[in-house]
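Encoded as structure tokens, the structure appears first; notes follow it.
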Amino acid sequence: MKTTIASLKARQIWDSRGRPTVEAEVTLAGGAVGRAIAPAGASRGAHEAVDLRDGGERFGGMGVDGAVAAINETLAKLLVGQDAADQSAIDAAIIASDNTPNKARHGANATVSLSMAVLHAAAAAEGLPLWRYLAGEADVRLPLPEIQIFGGGAHAGRRTDIQDFMIMTPHAGSVRRALEITADVYRAAGEVMAGRGQLSGTADEGGWWPNFNSNEEALVAMVESIEKAGYRPGVDVYISLDVAANELFEDGSYRLPLDNATMDSGAMVDRVSRWAATYPILSIEDPVSQDDMAGMADATKRLGETIQMIGDDFLVTNAARVDRAAAEGACNAALIKVNQAGTVSEAKAALDAARAQGWATIVSARSGETEDLTIAHLSTGWDAGQLKVGSFARSERMAKWNELLRIEEAMGSRARFAGIDAFPASVAAHLKASRA
Ligand code: PGA
Ligand code: ZN
């Protein structure tokens, strides 16, 4: 069979933070080759699949010799001879071989690179771009981009407590136009920072380094940047936040050093709600920490009719956690990071679970990335509706946006931009009404 796995191997390469990562390469009997690279998070959830790192002195303990060996020595033996076109069987074999709840034996860096490489090989064997292979004959939408302007939290020495200050352009009509608007706002934000004497380069995902004296000052600068670029905040361009509140949670309290505040969950939700009432915020990720179900349910109840409430560390791309959160009324959207789950099939199951709840879905990069383009194809081919990659600078980010442009072009007259419909129904309805 042309899709039988003939050989596979892994190698150590390097990510956007100059840290080692794993690249897997799969060759099929028919000659098709698939390759994929594991990304790496910095603000990780406790419940996500874990990377296997060598520890010790070398590369600050970040070495991936063990993960590379897991593929070359163990998983290769298991998968050679199997059918790459049967992704769920491949992933089931990887999961069974790992046999831990969080990929601790082989490492999620090994399993995710291998799982995605198999998927790429299967698509290549059909001579199809990955997005089309995944979509089949169905018409799928190009995702609405969520793009960072200021990058804080764990990606910028904790210069701001909030991690991502992003923009969304649901009315842009196309990826091409969404990226043009983003380019204008990103450039304007740089000028705003320069004007304040606060321009000092970029953070891990390419957003401007956030030299602010309070979290709210960053929100003010977001509005100023949108206006300076010639757009109407809350009409043409909306703000999206990733609070990444896990990183703020310690000993039962939320600490926001920049605001000189220590709060319980209720007060944290109050604060986020106040920001939402004051600024044109359309989407909020992880407003509370990963195990604060009551806080997330409270935040969703208070804001979820008009604002997309995303679980990232809160859901860790896990179908069971999606179902549990939904039962409690927590979240109305799920971030989908394949390496949080560890295989393509498990990530897809989390996406399907979220969709079954009527939630929105956002395929996402990690803060440690590479030239790997898989997520541009997954977000489109799975019809996820949204894509989060980081900012509008640094080629590990731009590579994904540029790939979306190529996909949009390839779709030609069939191209459809997810736009407003990318959001949960109530949020989309509110957006439509406010436009009318
Ligand atoms: P990461 O965080 O550093 O774990 O990739 C990105 C995010 O919180 O969305
Ligand atoms: Zn996040």
Side-chain angles (χ1 to χ4, degrees), residues 15-19 21 37-51 53 62 102 108-109 112 143 145-168 202-207 210 239-249 254 272 281 283-292 296 299 308-318 321-322 325 330-331 333-342 347 350 354 360-370 372 374-375 379 384 386-391 394 396-397 400:
D15 76 9
S16 55
R17 282 191 278 245
R19 295 175 185 169
T21 189
I37 309 170
S43 74
R44 292 183 297 268
H47 308 290
E48 62 179 273
V50 294
D51 288 343
R53 299 285 182 178
M62 308 292 280
N102 60 354
N109 43 356
V112 80
E146 188 185 10
I147 305 187
Q148 189 191 70
I149 301 300
F150 300 113
H155 306 151
R158 300 183 194 277
R159 258 315 276 117
T160 50
D161 304 309
I162 297 177
Q163 181 181 282
D164 295 321
F165 297 87
M166 297 167 286
I167 59 166
M168 301 189 85
T202 61
D204 275 14
E205 298 189 4
I239 295 173
S240 169
L241 300 179
D242 181 1
V243 180
N246 261 1
E247 303 287 321
L248 310 174
F249 192 68
Y254 293 92
V272 171
I281 294 171
S283 179
I284 302 174
E285 183 176 325
D286 285 346
V288 296
S289 81
Q290 58 202 0
D291 295 314
D292 188 355
M296 192 59 131
Q308 170 168 266
M309 303 299 292
I310 308 173
D312 169 16
D313 298 332
F314 193 79
L315 300 170
V316 293
T317 314
N318 179 301
R321 285 183 74 91
V322 167
C331 306
L335 206 72
I336 302 295
K337 294 168 164 170
V338 183
N339 80 328
Q340 279 183 331
T361 55
I362 306 97
V363 172
S364 173
R366 302 304 304 244
S367 52
E369 271 292 334
T370 64
D372 186 280
T374 309
I375 57 171
S379 59
Q386 300 177 55
L387 177 63
K388 179 187 183 196
V389 172
S391 193
R394 302 176 49 137
E396 81 278 5
R397 313 288 150 189
K400 277 76 157 176

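Numbering of residues begins at 1 and proceeds along the displayed sequence. When a ligand or atom number is given, it counts from 1 through the structure's own listing order.
If you check the side chains of Asp372 and Thr374, you find a donor sitting under 3.5 Å from an acceptor. For the residue pair Asp312/Gln340, the side-chain donor-acceptor check at 3.5 Å is satisfied. A side-chain donor from one of Ser43 and Gln163 sits under 3.5 Å from a side-chain acceptor of the other. Between the side chains of Asp313 and His47, no donor-acceptor pair of N or O atoms lies under 3.5 Å. Residues Thr370 and Glu396 have side chains that never bring a donor and an acceptor to within less than 3.5 angstrom of each other. Defined by atom type and a distance below 3.5 Å, a donor-acceptor pair is present between the side-chain atoms of Gln308 and Ser283.
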Which N/O atoms of ligand 1 sit under 3.5 Å from a protein N/O, and at what distances?
from, atom 1, to, atom 2, distance (Å)
ligand 1, 2 (O), Ser43, OG, 3.2
ligand 1, 3 (O), Ala42, N, 2.7
ligand 1, 3 (O), Ser43, N, 3.0
ligand 1, 3 (O), His155, NE2, 2.7
ligand 1, 3 (O), Ser367, OG, 2.5
ligand 1, 4 (O), Ala42, N, 3.3
ligand 1, 4 (O), Ser43, N, 3.1
ligand 1, 4 (O), Ser43, O, 2.9
ligand 1, 4 (O), Arg366, NH2, 2.7
ligand 1, 5 (O), Arg366, NE, 3.0
ligand 1, 5 (O), Ser367, N, 2.8
ligand 1, 5 (O), Ser367, OG, 3.4
ligand 1, 8 (O), Ser43, OG, 3.4
ligand 1, 8 (O), Gln163, NE2, 2.8
ligand 1, 8 (O), Asp242, OD2, 3.1
ligand 1, 8 (O), Asp312, OD2, 3.0
ligand 1, 9 (O), Asp242, OD2, 3.2
ligand 1, 9 (O), Glu285, OE2, 3.3
ligand 1, 9 (O), Asp312, OD2, 3.2
ligand 1, 9 (O), Lys337, NZ, 3.2
ligand 1, 9 (O), Lys388, NZ, 2.8

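Interatomic distance, Glu205 CD to Met166 CE, rounded to the nearest 0.5 Å: 9.0 Å. Atom-to-atom distance recorded for Ile336:CD1 and Thr361:OG1 is 6.5 Å, nearest 0.5 angstrom.
Within the protein, the N, O or S atoms sitting under 2.8 Å from the Zn ion (ligand 2) are Asp242 OD2, Glu285 OE2, Asp312 OD2.
The aromatic rings of Tyr254 and Phe249 sit tilted, their planes meeting at an angle between 30° and 60°.
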